[in-house]
Amino acid sequence: MSRSRWYAIRTAPGYQRTAAVDERLPESRRMESIIERNCRKDGFDIFMPSFYKELKHHRTNEIIQKRFPFLVGYAFVNLPRLNFEELRSVEGVVCFLRGANYGPLEFPDATIESLYFAEHERRQAFLYEQHCRKENERHEQIQHLRGQLRKILPKGRKARVSMVDQAERAIDSLSPQIKERVRKIISELNVLTGDAHVENLRQAV
C-alpha cells in the first residue's frame, strides 16, 4: 500500500465556493467545494480544512448553512504516485506550495491529522450551537402557541390542567372556525413537544 504524501495546492479564485448540487453524489459530499469536486472527479484525494457557520439570508431571513475554508486559497492533495503534472491539469489548480528547495513542499501526516482534528472540533462546536438555537426556537414557538390558546379559550383554567388538555376539553363548545384554529395549534404543539422531535435534535450533536 502506498504511503500518504500530502502537498498543498494554490486554488484559483472562486474555486473554494460550494459546488452546485448534484443529487447523484452521496450526502457526505453535499457541501463540497468546486476544487474538491474537480479533484475527486479526476481521482485525487483532496482535503480542504473548513468550518461551518449559520447565516441569515438578507432577504428571506431564512437561516442557511455555509462552509468556509480554514486556509483561503489553499487545499491539500495526497499524491502517493507523485503525479504532479496530472494534478496541475485539474481545473482550479494554480500551482503547488514550494519549499526551500523550490520543489513542491511535502507535509507530514501529523500536520494533516492535526488539521483533521481541528476541523472535527470546530464541526462539533457548530453542531452544538445549531442544536441550542433550534431548542431556543422550539421553546419560543411553544410559548407563542400557548399564548394563542390563552387568548382563545375561556378563563379560569385550573393550575394542574395543561393548556392542551383544556383546549381538547373545550373544543366542542367552540365555533367551527375557532375549533379548526385550536386543532391546528394543538397539532403544532404536539409536534414541538413530542419525544421524536427532541430525539432528532439530540442526534445532531
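Quick caveat: nothing in here was measured; it's all calculated off a predicted structure.
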Can you tell which of Arg67, Arg30, Lys41 makes a salt bridge (charged side-chain N to carboxylate O under 4.0 Å, His left out) with Glu36? Arg67

Partners meeting side chain to side chain donor-acceptor pair (under 3.5 Å) with Arg17 (sequence neighbours left out): none

Crowded around His57 NE2? As in, over 12 foreign heavy atoms under 6.0 Å? yes

For Thr11 and Gly73, indicate whether the former's side chain and the latter's backbone hold a donor-acceptor pair under 3.5 Å. yes

Does any N or O in the side chain of Arg29 come within less than 3.5 Å of the main-chain N or O of Asp22, such that one atom is a donor and the other an acceptor? no

Roughly how far, to the nearest 0.5 Å, is [atom2] of [Y] from [atom1] of [X]?
X	Y	atom1	atom2	value
Arg88	Glu85	CZ	CD	4.5 Å
Arg138	His131	CZ	NE2	9.0 Å
Asp109	Ser114	CG	OG	10.5 Å
Glu86	Asp42	CD	CG	9.0 Å
Met31	Gln65	CE	CD	5.0 Å
Asn78	Ile46	CG	CD1	11.0 Å

Nearest heavy-atom neighbours spanning [X] and [Y]:
X	Y	result
Ser4	Glu106	O-OE2, 4.3 Å
Arg37	Ala20	NH1-O, 2.6 Å
Ile35	Met48	CG2-SD, 4.3 Å

Report the C-alpha separation of Val94 and Ile9 in whole Å, then their side-chain angles, then the decisive distance to 0.1 Å, and conclude whether the side-chain contact (heavy atoms from CB on, under 4.5 Å) test is met. CA-CA 7 Å; Val94 175; Ile9 58 168; over 6 Å; no

Passes salt bridge (charged side-chain N to carboxylate O under 4.0 Å, His left out), Glu129 versus Arg133? Steps please. CA-CA 6 Å; Glu129 291 168 3; Arg133 177 188 61 79; over 6 Å; no

Is Tyr74 isolated, or which residues cluster with it under the ILVMFWY side-chain rule of less than 4.5 Å, directly or via members? Trp6, Phe47, Phe51, Leu55, Ile64, Phe68, Phe70, Leu71, Phe76, Leu97, Leu105, Phe107, Ile112, Leu115, Tyr116

Is there a side-chain contact between Phe96 and Leu87 (heavy atoms, below 4.5 Å)? yes

Phe44 versus Val93: any side-chain heavy-atom pair under 4.5 Å? no

Tyr7: which residues meet the ring-ring contact (aromatic ring centres under 6.0 Å, His included) condition with it, sequence neighbours left out? Phe84

